[in-house]
Amino acid sequence: MVPGGKPGGNNLTGLLWTYMSEPTSGLNGRSVMVPRGHVLGGSSSINGMVYTRGSSDDYDKWAELSGDRRWSWKALWPYILRHERWGPPVGGRNATGEYDPKVHGYSGKVSTSLPWDGPVEHDLRTVKNAELQKEFPITLDVNAGRPMGVSWMQSTIGNGERSSASTAYLTPEVRERPNLTILVNTYITRVLPVRTTGHVPDIRTVEVAPRTGGETRTLTASRELILTAGVIGTPQIFLNSGIGNKTELSALAIPCVLDIPDVGMGLTEHTAANLAWTITPRPTNPIAQDVAWAMWTANRTGPYSAAFTHQMLWARLPVNSQALKDFGDPSAGPRSPHLEMPLDSARSAYLVLLTPYSRGSVKIRSKDPFDGLVIDLNVFSHPFDIAAIKEGIRLAKRFYSGAAWDGYISSFNGPDPDSLSEAEFRTRVTQNALTFYHPVGTAKMSPKNAKHGVVDPELRLKGASGLRIIDSSVFPHIPTAHTQAPVYILAERGVDFIRDSWH
Ligand SMILES: Cc1cc2nc3c(=O)[nH]c(=O)nc-3n(C[C@H](O)[C@H](O)[C@H](O)COP(=O)(O)OP(=O)(O)OC[C@H]3O[C@@H](n4cnc5c(N)ncnc54)[C@H](O)[C@@H]3O)c2cc1C
């Protein structure tokens, strides 16, 4: 699979669930697409391939919120390495000093690497900037548990090709296993109990139908069902199955199998403000598209072998910032950045809020499993989130105003909190804000006996037997990361829970 997209662009028709959000006041009234991968490998087959794990504090927070130390960074370390197969950048450039070899896995399934080219002018100026502005140091490796600073971008790319959950785990040998059957274009409508003992349903049957509707049939697992339908699909299937808020289910005439009010609640998403600077880089000789394509087809190098940026800035809000004073710190701890900014171009940059307080939800419209969903992203609904973006923009302005950028970046084109009124600033940010396609947390993990949450720390559906969930819906807290690596970490940990319980 071509990482950088084919010449003329990728045709994603049929490869996406093109969900739309509800109109969102935090997006200036816009409905936005909530894409998910409708393809083997799910969203990992269509994502931006950025590979970041988040901070050690993020996982320690998972351990705290789940009441189970097995989710801490230290306890997860073998699983953090287990999924990864780190490789050199294609083309053979020397990447020494751009990563820490001690913090990578080398024998896992998911390929990861640094970009094929660089450093380019922007990267060199960033290094110079780190010498001049102590606030923005270079960090050897974003994936060592302390992302703060500027680091080189790592991607789920191996040998110049996309590495997805499908290419990594569903290899030709695995597909030949006699005990594996893959049904494509098949839609899970519900999960069903095979029996109920006392008040505990044993949920091991799955009801499936063609994606276009029509005849349903059921399949029953002899041991357990593992549901991996993602942050939208998992709550949708549960709600269709009568697992959710009893009052809301009865309003839709769906018999309640398990009253778990948190199903579909707590959706957390990263949102980004769109920023712009005037930039005058030295003229370079860009590689023509046909030459780039020839490079990729010949030996999997060149622009088509890469994702989108070389370096990223990860930063915390200053301790004395008004947003933290007014609302407290939503981050998992001092190693978690509040903000991220990819550094490929300042002409059109994104400042991502990694630690929002805002929460949304996923609900079903009716008892028809093929009916649409109500996806309320609810971003920028908490005042901290816009206040943090405001402070973050000031931080980004400081970053690009150092002497290292002289003759290269001339002016900031906003949105500028220091020249706009409060109302104008909010409008400018929200009308151009992007969601970063990282929603998580609609079926959260919580301590074994806690009334809140949806799954226990071993990822079993609460109040039931026979059913586990292994996807981003169970994240108890959004990591300060692009979310695919945390899913791989969660999945490798989950696999051992399954193994241990079966033996
Ligand atoms: C456009 C985009 C760009 C992204 N960029 C990055 C990035 O650069 N780096 C990064 O780390 N993360 C990125 N992400 C996020 C990351 O890919 C996801 O967080 C991660 O893949 C989620 O994994 P998951 O297993 O929870 O769900 P998914 O990968 O979404 O998998 C869910 C699977 O369940 C299937 N499914 C759902 N409902 C049903 C149903 N009813 N019946 C049958 N099957 C069903 C889906 O088809 C899908 O195959 C991006 C996401 C998107 C959408």
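Counting starts at 1 for both ligands and their atoms, in listed order.
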- Task: For Ile237, counting its heavy atoms only, list the atoms of ligand 1 lying under 4.0 Å from any of them.
- Result: 41 (N)
- Per-residue contact class, Thr156 against ligand 1 - non-hydrogen pairs under 4.0 Å: neither
- Message: Any side-chain to backbone donor/acceptor pair from Ser358 onto Ser381? Under 3.5 Å, distance only.
- Response: yes
- Item | Options Asn47, Ile469, Leu15, ranked by nearest heavy atom to atom 6 (C) of ligand 1, top entry | Asn47
- For ligand 1, which atoms have a heavy atom of Val39 less than 4.0 angstrom away? 49 (O)
- In terms of heavy-atom contacts, does CG of Asp371 have more than 12 from other residues, nucleotides or ligands at under 6.0 Å? yes
- Task: Evaluate salt bridge (charged side-chain N to carboxylate O under 4.0 Å, His left out) for Arg499 paired with Asp496, printing each intermediate quantity in order.
- Result: CA-CA 5 Å; Arg499 275 204 191 107; Asp496 272 7; 2.9 Å; yes
- Query: Quick one: does Ser44's side chain have a donor or acceptor within less than 3.5 Å of a partner on Ala165's backbone?
  - Reply: yes
- Task: Using a strict 4.0 Å cut-off to heavy atoms of Pro35, name the atoms of ligand 1 that fall inside it.
- Result: 53 (C)
- Heavy-atom distance to atom 28 (P) of ligand 1: which of Ser164, Ser43, Ser166 wins? Ser43
- Heavy atom of the protein closest to atom 5 (N) of ligand 1 (residue, atom name, distance): Gly48 N, 2.9 Å
- Which of these, Asn143, Thr112, Asp141, sits in a side chain to side chain donor-acceptor pair (under 3.5 Å) with His104? Asp141
- Asp471 neighbourhood, listing ligand 1 atoms whose heavy-atom distance to it stays under 4.0 Å: 25 (O), 26 (O)
- Message: Side chain or backbone, does Ser473 bring an N or O within less than 3.5 Å of an N or O on ligand 1?
- Response: no
- Message: Show me which atoms of ligand 1 lie under 4.0 Å from any heavy atom of Gly42.
- Response: 29 (O), 31 (O), 48 (C), 49 (O)
- Hey, do the aromatic rings of Tyr437 and His482 have their centres closer than 6.0 Å? no
- From Ala229, Gly230, Gly37 - option closest to atom 48 (C) of ligand 1 by heavy atom: Gly37
- Is Val440 near ligand 1, meaning one of its heavy atoms is under 4.0 Å from it? no
- Query: Think Arg93 forms a cation-pi with Trp152, using NZ or CZ under 6.0 Å from the six-ring centre and within 45 degrees of its axis?
  - Reply: yes
- Pull out every atom of ligand 1 sitting under 4.0 Å from any heavy atom of Thr228, numbered as shown with elements. 32 (C), 33 (C), 34 (O)
- Pick from Trp17, Tyr187, Phe308: the one approaching atom 39 (C) of ligand 1 most closely through a non-hydrogen atom: Trp17
- Specify side chain, backbone, both or neither for Ile232, according to which of its non-hydrogen atoms lie closer than 4.0 Å to ligand 1. neither
- Honestly, for Met49 the part within reach of ligand 1 (heavy atoms, under 4.0 Å) is backbone
- Query: Are Arg70 and Glu458 within salt-bridge range, i.e. N to O under 4.0 Å?
  - Reply: yes
- Report the member of Leu490, Val50, Ile46 with the shortest heavy-atom distance to atom 7 (C) of ligand 1. Val50
- Item | Any donor-acceptor pair under 3.5 Å from His38 side chain to Gly14 backbone | yes
- Note on the structure: Gly233 heavy atoms within 4.0 Å reach ligand 1 at atoms 38 (N)
- Evaluate whether atom CZ of Arg30 has more than 12 neighbouring non-hydrogen atoms of other residues, nucleotides or ligands under 6.0 angstrom away. yes
- Task: For atom 16 (C) of ligand 1, state which one of Thr483, Val184, Thr234, Ile188 supplies the nearest heavy atom.
- Result: Thr483
- Query: Between Val487 and ligand 1, which residue portion shows a heavy-atom distance shorter than 4.0 Å: side chain, backbone, both, or neither?
  - Reply: side chain
- Item | Aromatic contact, Tyr357 with His382 (centres under 6.0 Å) | yes
- Message: Using a 4.0 Å cutoff against the non-hydrogen atoms of Ser44, which atoms of ligand 1 qualify?
- Response: 21 (O)
- Please check if atom NZ in Lys363 has more than 12 non-hydrogen atoms from other residues, nucleotides or ligands closer than 6.0 Å. no
- Message: Any heavy-atom pair between the side chains of Leu258 and Val263 that's under 4.5 Å?
- Response: no
- Where is the nearest protein heavy atom to atom 2 (C) of ligand 1: which residue, which atom, and how far? Tyr437 CD1, 3.5 Å
